[in-house]
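Shown next, in structure tokens, is the structure this report addresses.
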Amino acid sequence: MSREFDIVLMGATSFVGKITARRFAKLLSRQPEAFRLAFAGRSESKLASIIDDLKREFPNVAIPVLKGDSMSEHDMTLIAKRTRVVVSTVGPYDLYGDALVKACAENGTHYCDLTGEPQFIHRMLANYEQIAKDSGACIVHCCGFDSIPSDIGTYFLQKRAQEAGMGQCVDVDMRVKAMKGGFSGGTIASLINIVSDVRRTPSLKKVLFDPYALCPQNKGIKQTYIGKAQSDWVTDQWVAPFVMAPINSKIVMRSAQLLPDLYPDGFRYNEGMLGGKGSKGRRSAKLISAGIKTIVVGAAMAPTRWLLQSFVLPKPGEGPSPAEQEAGFFVVQVHGKTETGHRLSVQVKGDQDPGYGSTSKMLSQAALALAFDLNDDQVGGFWTPASLLGEKLIERLAANAGIECCVLN
Ligand SMILES: NC(=O)c1ccc[n+]([C@@H]2O[C@H](COP(=O)([O-])OP(=O)(O)OC[C@H]3O[C@@H](n4cnc5c(N)ncnc54)[C@H](OP(=O)(O)O)[C@@H]3O)[C@@H](O)[C@H]2O)c1
């Protein structure tokens, strides 16, 4: 593909977009010829101020700017035609994302993003999957904390289990062992938009609650879901619902169906957040569970939603400070049981806060992998991080993103 740019970052002005822009600029400052990058957004003045800031920090880096409104199919097509890969941080994607995915699918441009909105991905699959297959565009949603650790962790577990001669893991339980970090206004806006969408269109509940909603087919295997604080036989601790489980599980399930040689037919997967052992663990799991319920119920009702948005939650453009990002981390463990009863556990660990510091590294590495790591025999369509980028993404994350996968036992 001979195009003007290798990567265009659409949404470089968003909270997570600015962090991602800095990641790319830092990489280019070390290796100015490594890739051809441009930033895009709807506001030229905001983009110019980001470029000015980056120029002060990385004087040898020059990044062109492209103006485009996400709601304009014309603008998005012009951008998609100029680059090999688009990476988007314009969200909520369900509100602003359609035209860009359409333009990429139609023009054979690879695409990745940070959406965690099942209803958006479901709509994109229905509208553009065949178009992407025909054009050769590889579309990869969920390239941040949701859902790379879950998806890559499960892929890593399956690979290591089979290399060790244990066979395929049929039961997989992902547990968040620890994490520290905050939310941005954009993430809150996306969560609130999901709740509002369901209120407006109750039929969307089917998409949100169906573990196979993003799969090529519903295999009919009953999946379990951790919906409240409960005692966890897998870890012998208390476990609570994990807020990202609904999207992560759907992505892992899609990987399982796109990689039938690696995942068994009756594959089962669930996620939860560990509270700890004993009465302290029980209290902590109940608190997490109650916190999630409060946000979901609060977001569903107009007066409490207004109170949360006005006084409690960050606004669009706001999020954790650089110091909070640096001080953050996450540890996710994935426990598997094979068809023959063998057990294996792996761990995915990130060295910065999950949602922004680590997510911006995951997203930028996913974009670079799309630009430079695909083989000639990889075809277009809607992929998942693990099913398209697999081992190469794991290597990139370890080398450049402070994200380590290892076998625990
Ligand atoms: N998966 C993960 O782990 C993860 C982590 C972090 C964030 N996210 C997701 O990433 C998205 C961004 O989050 P954020 O906090 O960075 O959001 P944000 O700060 O609120 O930024 C929203 C961005 O969208 C742009 N935008 C809105 N309407 C547009 C339009 N019509 N044309 C062009 N650009 C438009 C805004 O441009 P202006 O600056 O010009 O207003 C801004 O750049 C959210 O959907 C969030 O859920 C996911």
Side-chain angles (χ1 to χ4, degrees), residues 7 20 23-24 27 34-35 85 87 110 112-114 138-166 168-169 172-177 179 244 247-249 251-263 267 269 271 329-336 338 344-355 357-375 377-378 383-409:
I7 297 174
T20 310
R23 299 257 176 246
F24 279 132
L27 291 171
F35 54 100
V85 175
V87 43
H110 303 325
C112 59
D113 70 19
L114 288 181
C138 294
I139 311 288
V140 192
H141 296 297
C142 301
C143 292
F145 185 56
D146 42 327
S147 303
I148 283 188
S150 306
D151 196 27
I152 288 291
T154 306
Y155 172 92
F156 184 76
L157 174 80
Q158 293 289 18
K159 279 240 160 169
R160 298 303 165 264
Q162 284 167 58
E163 282 164 14
M166 295 175 171
Q168 298 173 325
C169 293
V172 175
D173 304 273
M174 179 281 220
R175 299 291 179 261
V176 181
K177 186 166 181 249
M179 62 185 257
M244 307 293 184
I247 181 63
N248 290 343
S249 306
I251 294 297
V252 171
M253 221 38 100
R254 185 169 172 86
S255 291
Q257 291 198 9
L258 293 177
L259 297 173
D261 293 342
L262 200 56
Y263 297 66
F267 178 71
Y269 180 85
E271 295 197 341
F329 65 91
F330 68 84
V331 183
V332 156
Q333 295 184 336
V334 191
H335 308 279
T338 68
L344 186 71
S345 297
V346 303
Q347 178 168 282
V348 184
K349 200 168 154 187
D351 67 352
Q352 291 197 3
D353 80 303
S358 278
T359 278
S360 57
K361 293 197 268 191
M362 291 186 239
L363 181 64
S364 49
Q365 290 304 319
L368 287 161
L370 273 174
F372 299 112
D373 294 349
L374 297 185
N375 301 324
D377 59 354
Q378 286 183 289
W383 294 92
T384 56
S387 61
L388 185 72
L389 306 171
E391 209 73 53
K392 285 185 179 153
L393 182 58
I394 293 173
E395 283 165 23
R396 275 188 173 278
L397 294 176
N400 310 301
I403 292 173
E404 295 286 348
C405 297
C406 68
V407 173
L408 287 177
N409 58 28

*Less than 4.5 Å apart, any side-chain heavy atom of T154 and any of M174?*
no

*Atom CD1 in I152, atom CD1 in I403: separation rounded to 0.5 Å?*
9.5 Å

_Atom of A401, atom of Q365 and distance for their closest heavy-atom approach_ = CB-CG, 4.3 Å

*Could you state the interatomic distance from CD1 (I394) to SG (C405), rounded to the nearest 0.5 Å?*
5.0 Å

_Minimal non-hydrogen separation, C112 against C143, with atom names_ = CB-SG, 3.8 Å

_Applying side chain to side chain contact (heavy atoms under 4.5 Å, CB included) to S364 and V87, what does each step give before you reach the verdict?_
CA-CA 8 Å; S364 49; V87 43; over 6 Å; no

*So which heavy atom on T20 is nearest to which on S360, and how close?*
OG1-CB, 3.5 Å

*Tell me, please, which residues at least two apart from F329 pass ring-ring contact (aromatic ring centres under 6.0 Å, His included).*
none

*Report the C-alpha distance between R160 and E163 in whole Å, list the side-chain angles of each, state the deciding distance to 0.1 Å, and finish with yes or no for salt bridge (charged side-chain N to carboxylate O under 4.0 Å, His left out).*
CA-CA 5 Å; R160 298 303 165 264; E163 282 164 14; 3.1 Å; yes

*asked:* Are V331 and M179 packed together at the side-chain level, in the sense that at least one heavy-atom pair is separated by less than 4.5 angstrom?
replied: no

*Do V332 and Q347 have side chains that get closer than 4.5 Å, going by heavy atoms?*
no

*Q158 side chain vs Q168 backbone, donor-acceptor pair below 3.5 Å*: no

*Might you work through the side chain to side chain donor-acceptor pair (under 3.5 Å) test for T384 and S255, ending with a clear yes or no?*
CA-CA 6 Å; T384 56; S255 291; 2.6 Å; yes

*Determine whether the side chains of S150 and E271 contain a donor N or O and an acceptor N or O closer than 3.5 Å.*
yes

*Is atom NZ of K177 surrounded by more than 12 heavy atoms (other residues, nucleotides or ligands) closer than 6.0 Å?*
no

*Would you indicate whether the side-chain heavy atoms of L389 and L374 approach each other to under 4.5 Å?*
yes

*asked:* With a 4.5 Å cut-off on side-chain heavy atoms, are V334 and F156 touching?
replied: no

*Stepwise side chain to side chain contact (heavy atoms under 4.5 Å, CB included) test for H110 and W383*: CA-CA 11 Å; H110 303 325; W383 294 92; over 6 Å; no

*Find out whether L408 and V346 are in side-chain contact, i.e. whether some heavy atom of one side chain is under 4.5 Å from a heavy atom of the other.*
no

*D151 side chain to A386 backbone, donor-acceptor under 3.5 Å*: yes

*K349 bridged to D351 by N-O distance under 4.0 Å*: no

*So do the side chains of M362 and L397 get within less than 4.5 Å of each other, counting heavy atoms only?*
yes

*Can you find a heavy atom in the side chain of L157 that is under 4.5 Å from one in the side chain of V172?*
yes

*asked:* Could you measure the distance from the OG1 atom of T359 to the CZ atom of R23? Nearest 0.5 Å is fine.
replied: 10.0 Å

_Distance in Å, Q333 CD paired with C406 SG, rounded so as to fall on 0.5 Å steps_ = 8.5 Å

*Would L27 and F35 count as a side chain to side chain contact (heavy atoms under 4.5 Å, CB included) if you check the C-alpha gap in whole Å, the side-chain angles of each, and the deciding distance to 0.1 Å?*
CA-CA 9 Å; L27 291 171; F35 54 100; 4.2 Å; yes

*Which heavy-atom pair separates L393 from P385 by the least distance, and what is that distance?*
CD2-CB, 4.1 Å

*Is there a donor-acceptor pair under 3.5 Å between the side chain of T338 and the backbone N or O of M166?*
yes

*asked:* Working note: F145 + L114, criterion side chain to side chain contact (heavy atoms under 4.5 Å, CB included); need CA distance, chi angles, decisive distance, verdict.
replied: CA-CA 8 Å; F145 185 56; L114 288 181; over 6 Å; no

*Should the ring pair Y263 and F267 be called parallel, tilted or perpendicular, given that the plane angle runs from 0 to 90° and is split at 30 and 60?*
perpendicular

_Rounded distance (nearest 0.5 Å) linking atom CG of L259 with atom NZ of K159_ = 9.0 Å

*Taking the side chain from H335 and the backbone from S345, do they hold a donor-acceptor pair closer than 3.5 Å?*
no

*Could you verify whether a donor N or O on one side chain and an acceptor N or O on the other, from H141 and D113, lie under 3.5 Å apart?*
yes

*Between atom OG of S147 and atom CZ of R254, what is the distance when rounded to the nearest 0.5 Å?*
12.5 Å

*So which heavy atom on F24 is nearest to which on A367, and how close?*
CZ-CB, 4.1 Å

